Amino acid sequence: MSETIINMPDGSKWKPSTSTDLVHCANCDNKVDTPEEIASYPEGNCPQCGSSWTGGENRSTIIQVTMPESITGGAG
């Protein structure tokens, strides 16, 4: 899979921001991230061990943001 790069009119290159939602099973080490698995939390069951998701903070969101390289220069 190739990496997406956004080329701006000023010539700078940016990587797009990304986010990932994860649900962690409290009964096993399984982490799920597909929309169907995320939608099953907290009422559904873990697809790996079959146990119900248990309460607590077992869901996390990871957001990666990017910014351009700093621009230096002067006039005169």
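Hydrogens, waters and symmetry mates play no part in the numbers below; they use all other heavy atoms, side chains included. Keep in mind that this is a model prediction, so the values were computed, not measured. Here, residue 1 is the first one in the sequence, and each next residue gets the next number.
Between the side chain of Asn27 and the main chain of Ser52, a donor-acceptor pair closer than 3.5 Å is present.
Taking 4.5 Å as the limit, some side-chain heavy atom of Pro47 sits within range of a side-chain heavy atom of Asn30. For the pair Ser51/Asn45, no side-chain contact is recorded, criterion being any heavy-atom separation below 4.5 Å from C-beta on. Side-chain contact between Asp33 and Lys31 is absent, with no heavy-atom pair separated by less than 4.5 Å.
Of the N and O atoms on the side chains of Thr61 and Asp21, at least one donor lies less than 3.5 Å from an acceptor on the other residue.
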Quick one: do Ile62 and Leu22 satisfy side-chain contact (heavy atoms from CB on, under 4.5 Å)? Show the steps, please. CA-CA 8 Å; Ile62 300 166; Leu22 292 173; 4.0 Å; yes
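For Ser17, there are no side chain to side chain donor-acceptor pair (under 3.5 Å) partners, not counting sequence neighbours.
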